[in-house]
Structures are given as C-alpha cells and as structure tokens.
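Okay, structure first, notes after.
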There are 2 protein chains.
Amino acid sequence: MSASVPANTVRSAQEDILNAAAQCFMDRGYAATSIDDVARSLGATKGRIYHHYRSKADLFFDVYRHGMQMNFDIVAPIAEQSLPTIDKLQRMTKEHCLAMIRTQPFQRCVWEGVEMLKRGATTPEQRDVLIELQAMRDNYADIFRAVIEQAKAEGTAQFESSSIALQLMFMSLNSPLFWFRRRDGQDNDIVDEIANQCAIFALRGLGLKEELITDV
Amino acid sequence: MSASVPANTVRSAQEDILNAAAQCFMDRGYAATSIDDVARSLGATKGRIYHHYRSKADLFFDVYRHGMQMNFDIVAPIAEQSLPTIDKLQRMTKEHCLAMIRTQPFQRCVWEGVEMLKRGATTPEQRDVLIELQAMRDNYADIFRAVIEQAKAEGTAQFESSSIALQLMFMSLNSPLFWFRRRDGQDNDIVDEIANQCAIFALRGLGLKEELITDV
DNA sequence: ATTGACAACATACCCGGTAGTATGTTCCTC
DNA sequence: GAGGAACATACTACCGGGTATGTTGTCAAT
C-alpha cells in the first residue's frame, strides 16, 4: 500500500521466489523440499523466504494458486468464444495440455496440492486454504465439464459418467507432467506435437468421431 | 533356511508389515511417512520393522516389488494366451485397471517409486534398486507395448508414437489410483464398472474402432 | 525338565536435518 | 538522519531415521 515502494520490484522478487519454489517442489516433492533448498536455489537464505511468506505451506499454496490462475487465463477466453462445441473442446484441450508442459513446475504443485487435501494430513488452517484452492480447481474443471456435456448432448461425444470422463480427460492431458520434461534448447515443435497427441487421445477417449478430430 | 522356523509365520508377519506400509505410504506419501507411523498402524514399535527391513527405503522398495509382481501375475497369463489381438488388449487393459483398484496402496507406491527414480534424490545404493525395479516395470509395460503395436500393424489401432500412446494408455488405466478410493462395504459392481469405463476410454484413445470395443 | 540359542520383537538413546523465530545489517527513501 | 523494507545470521526446538541393547517366547539337544 505504500506508494514509496516500487511495486514491480516487490512483485519480481516474489515471482523469483515462486519460480524457484515451484521448481524445487517439483524436483523433490513438497515434503522432501526444505525452505533452505528453495533459498539456496535462489542464492539466498531463509530470511528472504520468510520475509515474504509466513510458512512453507503458505509458499506452496501460493505456487498452487498461481498455477491455477495461469490455466484460467489461457482457457477461459477460449471457453467464452462462440465456437462450435467440437472446435472449442479441441482448442481447450490442446491449450490446457500446452499449459501443463509450459508451466510444468507450477502444475506439478497443483497436482500435489490436490493430493494434499485428499490425504488430509494438514492443520485446520492449511485445510481451509486447500479447500478454497480446490474450489478454484473445481471451477476450472467445470469449464471443461460444460463443454463435454454439451458435446454429448449434441451426439458428438459418448461416455457414461461425465465425472469419470472428465477425470480421464484430465489425466490424459496432464500426463506429460509425469513423463515429459523440457530440455534446454528444445524445439517448440516437439512440445506442440506432444500436446497434439495427448489432445487427440483424450478426444478419442471421449468418444469423438474420428472425422471430427483435426489438428488445431 | 532354518527348518525350525515355520516359514508361514515369518511370511505372514512380513506381509502384515508390507500391507501396513503400503497403506501408510499411500496415505501420507513416502517422505511424510515415518517408520513409527507404520509401526503404530500395526500396534507395534520400530523394532518390529527394523527387524525385518534394514531401512525405510528397503521397506518401500519391497512394497514396490510386490505391487509389480501382482501385476505380472494377473496380466502375463492373459498375454500368453492365443487370442485375437483386440480381445487380448481388452482383457489386459480391464484386468490391469482392476488390479490398480484392488491393490491400490501397492500401486501408489509403484507410482511414487517411479517418481523417486526420476527425481534422483537418492543414495547410490537406493538408485541401483530403483533401476532394477524400473526395469521390472518396463518389462511389464513392454507386454502391453507389443500388443498395441500389433494392433496398429493389423490396422485396428491408430496412433503416432507408440511410447506416447503407451504412456497415455497407462495414465488412463491407472487414473483410479488418484480419484477413486474403495469404501468399506462397497459393491464389486462399482469397481467393475469403473474399470470398464477406464478401459473403454483407453481403447478409444488408442484409436480402436468403435464396433471393436465391447464389454469384457 | 533344563538349558542354551536364537528369532522376534520392545525400549532407550543418539544425532542430523529442518521449520520457525529472534535479531542483526544494509540500503533506500523521504 | 530516521525509519522501514529486504534481506542475512544465529539460534531453538523438535521430529524422525537409525542403532544399541534389553526382554520374551520357542525350539532343540541333552
């Protein structure tokens, strides 16, 4: 709130921490990552982390939140467009999958955050935050749910339970989180090709007719 | 080797530990699970665990190994049968998915073990064991790889990279590990129905023609 | 029946790592 | 030059892996 503080400096300092934390949490998992690990990867010490975050969990939750926000920013605009259902679903799945690859460390934290809530081994305060973040994630999933249900209603998709279909679709689209890692000077085309194959697999899995599936 | 020791007693004692450990590792994850947690869930103390296992990692690896062995025992007999490729693939996917649900705690440990090797934050000795277990897992995956490649050769499946297709297939079949948990008096039909939907999704994703996909 | 030996644990203890805190230090701004 | 932001340093408390040692029951040979 102080006008004297250049906001961009604070923001960039926080973003550096967020990026480093996301990377560390992905590399070792939440439980096995120490605050010192994160600080060390920044060439700093704990003091810097604890100046911006009250606890390790708080830092993790902020990574989670940013990861989800990135997904919303990418997919929501597509969902709001007036497109044929199939086209919309194709673009959404492709872009979601690309987001998984491009912001992998953050999305891995989202994944682990979801698991954390399901396990329930948290303090009540942490649980409250996780529930709020889970709601954010559920809202995001509902964007997709609406589209696949519409596709089913239009007869262009076929599946039994939409909840299970949604889970399976996300598992397919999120799968590069676990078997793919970007290398340094890697070609963008490779990333695009992987997202294509994942999206096609997911769309086929949802029962889309073959002639409706095209490259985006 | 001592004839004086009733082997079944030792075995059942070890299996009790394995089951408890698998459950604990699933509930809290490897890093967040303490040996005391496992012992407490058995109504025992550390002494019991460390009498049978040299370290926490050793215990975890044994759970991993048992999980993979269960999968082999279920799927290998099907793969060895002389069946039409499509039928074989259908039965294998369905049974694999059922195994994921029925032996969930063990399979979650398999999953985490795979991640553990990829992260690489282990001692050299642990890494050696993980590499051996990974080879076991790769061999298991190769059973499926052979079948889906044959299906592709026969023109009944279509996908680009068989490696990616394999990953996506397993992600679909394994997905109940993460969004489904068995309740106490739950109907077997529900489990069967979930496995069906996962298997159908996976087969569709692999490009199987709709008329070839039937309930198993 | 006695005893020795060992398996199968339990108990007690050590020690390294880590979350969190309390307190310095530096620089920047007003 | 005063105050606070943005850190670094130093410290505490505790948890958890691993070990060393004690205890009990069982079996085998005498």
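Below, chain A is the first sequence line, B the second, and so on; all start at residue 1. If you're wondering where the values come from, they're calculated on a predicted model, not measured in any experiment. The figures that follow rest on heavy atoms only: side chains count, while hydrogens, waters and symmetry mates do not.
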In whole angstroms, how far is the P atom of D:dA10 from the CZ atom of A:R48?
19 Å

Is there a donor-acceptor contact under 3.5 Å linking the side chains of B:Q107 and B:N71?
yes

Side-chain donor-acceptor pair present, B:E149, B:S162, cut-off under 3.5 Å:
yes

Is it true that A:Y140 and A:H96 have ring centroids separated by less than 6.0 Å?
yes

In this structure, how many angstroms lie between the P atom of C:dA7 and the CD atom of B:Q14, rounded?
14 Å

Under a 4.5 Å cut-off applied to non-hydrogen side-chain atoms, are A:R204 and A:L208 in contact?
no

Would you say A:H51 reaches D:dC7's phosphate, i.e. side-chain N/O to OP1/OP2 under 4.0 Å?
no

To the nearest angstrom, the CG-C1' distance between A:D16 and D:dA6 comes to 13 Å

From the set C:dG20, D:dG18, C:dC9, return the single nucleotide nearest to any side-chain atom of A:S55.
C:dG20

Return the value, rounded to whole Å, for the distance between atom CG of B:L59 and atom C1' of D:dG16.
15 Å

Answer yes or no: is there a side-chain heavy-atom contact under 4.5 Å between A:L177 and A:N174?
yes

In residues 115-131 of chain B, what residues come within less than 4.0 Å of DNA chain C, judged by heavy atoms?
none

More than 12 heavy atoms of other groups within 6.0 Å of A:R145 CZ
yes

Would you please confirm or rule out a distance under 4.0 Å between OP1 or OP2 of D:dC7 and any side-chain N or O of A:H52?
yes

Under the side chain to side chain donor-acceptor pair (under 3.5 Å) definition, can you give me all pairs with a residue in residues 17-32 of chain B, not counting sequence neighbours?
B:Q23-B:D27, B:R28-B:D37

In this structure, are over 12 heavy atoms from other groups packed under 6.0 Å from A:R181 atom CZ?
no

Let me know the distance between CD1 of B:I49 and P of D:dG18, rounded to the nearest Å.
12 Å

Distance check needed: C:dG17 P versus A:R28 CZ, whole Å only.
13 Å

Spacing of A:Y50 atom OH relative to D:dT9 atom P, expressed in whole Å
17 Å

Can you name the one residue among A:E112, A:Q69, A:M116, A:Q134 that meets side-chain contact (heavy atoms from CB on, under 4.5 Å) with A:Y64?
A:Q134

If you only use heavy atoms from C-beta on, which nucleotide in D:dA5, D:dG17, C:dA19 is closest to the side chain of A:K56?
C:dA19

The correct set of residues in residues 34-47 of chain A placing a heavy atom under 4.0 Å from DNA chain D is A:A44, A:T45, A:G47

Rounded off to whole Å, could you give me the OH-to-P distance for the B:Y53 and C:dC9 pair?
12 Å

